[in-house]
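Each remark here refers to the structure printed beneath this line.
Not measured: the values here are computed from a predicted model. Numbers restart at 1 for each chain; the letters A, B, ... are given by sequence-line order, proteins then strands.
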Amino acid sequence: MNMKPIMEDWRSFLTEQKCKLPNRGDIAEGIVAAAIAAKLSKRAGGKIQMVDVSDVIAQVGNIQQMNTVVSNVVPDFSNEHEDTVGFSISMPKRPFAALVDKNLLACLQGEYEGAVSYVNSAPMHKFATRLASNKKSNDILVKAAGTEDQKGTKVDISIVVDGNKLRNQLSLKVKGGNQFAQKTGKAFEVQKAFWEPLGIDVSGAEQQYVNIVENIPTGKPFVSRDEIDAGGYLKMASQATSLIYQQAYKTLESKLQNNRFEAEFVKLLADYIKTGAVGPESEFVELVKILPGDFKRARFGKKFYSEMEKANLYPIMSTSGAYPKIQIIYEDSDGNKSVLVQMRAKVERASGKSGGSKKYGVLMRNYLETGPALYKLAGV
DNA sequence: TGGAGGGCTGGTAGTTGCAT
DNA sequence: ATGCAACTACCAGCCCTCCA
């Protein structure tokens with residue numbers, strides 16, 4: 001008898017049991033907020049110290065409950081003033097429970113290490129030093145509240161100094177989180193709204209699109225996902241969105257000059273990316289991606305715009321997959337190509353409940369997602 | 001290890017149903 | 001008829017998982 005499959009099952013069982021987390025991104029908000037508080041308050045010998053994972057764990061360990069400030073009172077470098085460095089967390093119940101569950105620390109090791117390397121990096125170190133040496137008593141509050149207002153703001157963590165939200169705001173992602181904006185729904189208006197900010201008019205495909213999607217039932221009338229597959233509705237959705245994406249791609253090609261995007265369009269593209277990543281007005285929101293033991297940072301100020309202007313950018317379209325996709329490619333001076341962002345259609349067989357039983361429906365979505373090049377052009 | 005395809009969750013607004 | 005509670009669809013948030 002071969003025991004190997006059993007052992008493998010057992011191992012995967014253990015892994016799943018151990019590291020089944022409700023939402024890694026939500027939990028990471030709390031970890032990063034605690035790490036920032038640790039950094040801002042770790043002062044000794046007139047210097048801001050490097051924080052380590054245990055400092056962050058200690059801060060997290062001091063959390064009493066949601067929305068309650070964990071406070072650290074620390075001396076200013078002058079020793080004549082005291083700063084209060086606090087942080088508070090607001091997130092859904094389950095991620096919060098996971099955050100404060102000491103048994104899950106091992107599962108979040110990568111996030112802790114990534115958060116530590118982020119707060120120890122130069123910008124945060126300098127910020128911490130400035131607050132510690134300004135010879136004032138500052139009231140500093142790090143707020144993780146990204147899940148509170150999902151429609152109103154992209155900011156997940158903000159640092160409030162003496163009541164002022166300054167330039168220190170973060171939009172957070174973790175490994176696997178590339179999506180940063182989307183439009184949902186099968187109405188043609190959804191497609192229109194998705195492409196409009198890029199100055200792309202897809203109305204040429206409207207009639208055909210509508211003709212197809214009107215055959216897709218609204219709501220959640222299906223009793224199983226198989227029933228959706230069997231009805232061929234995913235294919236219909238794919239065909240309909242392909243029409244839109246082809247139209248969009250044609251327009252994108254018309255904005256090329258010598259095989260790269262013209263300046264006017266690049267500006268629109270930069271705006272689109274910035275708005276999707278950090279919101280409309282926030283030049284000082286940074287996009288922070290926490291990787292296991294590491295991080296990437298992107299900002300969308302002047303430097304980003306000038307990098308975009310210089311960059312060799314062009315679109316490619318893919319229809320070979322299940323759903324259409326357009327990628328904006330960045331090609332550097334050595335000819336290396338990488339994806340800046342991609343627009344992708346997807347169809348979800350969304351679940352819901354009605355009459356006490358589980359029901360399913362067809363949910364059409366359009367995603368805007370980051371590629372590696374975004375952190376090159378917007379990286380700091 | 002990164003790309004391709006996909007799912008779960010929760011807030012909000014709108015609708016429905018029932019008690020008054 | 002009306003008010004409130006329960007229910008649901010929509011849609012934006014978040015990655016997750018699988019496979020080459």
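Less than 6.0 angstrom separates the ring centroid of A:Phe222 from the ring centroid of A:Tyr233. A:Tyr272 has its ring centre no less than 6.0 Å from the ring centre of A:Trp195.
Residue A:Arg344 places none of its side-chain N or O atoms closer than 4.0 Å to OP1 or OP2 of B:dA4. Listed pair A:Lys175 / C:dC16 fails the phosphate criterion, with no side-chain N or O lying under 4.0 Å from OP1 or OP2. Between A:Thr184 and C:dC10 there is no side-chain N or O to OP1 or OP2 distance below 4.0 Å. Taking 4.0 angstrom as the limit, A:Lys183 places none of its side-chain polar atoms (N or O) nearer than this to OP1 or OP2 of C:dC11. At C:dT17, one or more side-chain N or O atoms of A:Lys20 fall inside 4.0 Å of OP1 or OP2 (strictly under the cut-off). For A:Gln182 and C:dC11, the shortest distance from a side-chain N or O to OP1 or OP2 is not below 4.0 Å. Note on A:Gln179: every side-chain N or O is 4.0 Å or more away from OP1 and OP2 of B:dA4. Taking only side-chain nitrogens and oxygens, A:Lys220 never comes nearer than 4.0 Å to OP1 or OP2 of C:dT8. For C:dC14, neither phosphate oxygen OP1 nor OP2 lies less than 4.0 angstrom from any side-chain nitrogen or oxygen of A:Arg24.
Look at A:Lys136 and A:Asp76 and you find no salt bridge, because none of the NZ, NE, NH1 or NH2 atoms lies under 4.0 Å from a carboxylate O. Remark: A:Glu253 does not engage A:Lys250 in a salt bridge, criterion side-chain N to carboxylate O under 4.0 Å.
For C:dC10, its base never sits under 3.5 Å from the side chain of A:Glu348 at any donor and acceptor pair.
Across every non-hydrogen atom of A:Ile157 and A:Ala33, the tightest pair is CD1-N, 3.9 Å.
If you check every strand for non-hydrogen atoms under 4.0 Å, A:Gly352 touches nothing. Looking at heavy-atom distances under 4.0 Å, A:Tyr367 makes contact with a base. Residue-level contact check: A:Gly176 touches the bases, meaning some heavy atom is under 4.0 Å from a base atom. Residue A:Val174 is classed as a sugar-phosphate contact, given heavy-atom separations below 4.0 Å to backbone atoms only. Counting any heavy atom pair closer than 4.0 Å across all strands shown, A:Arg365 reaches a base atom.
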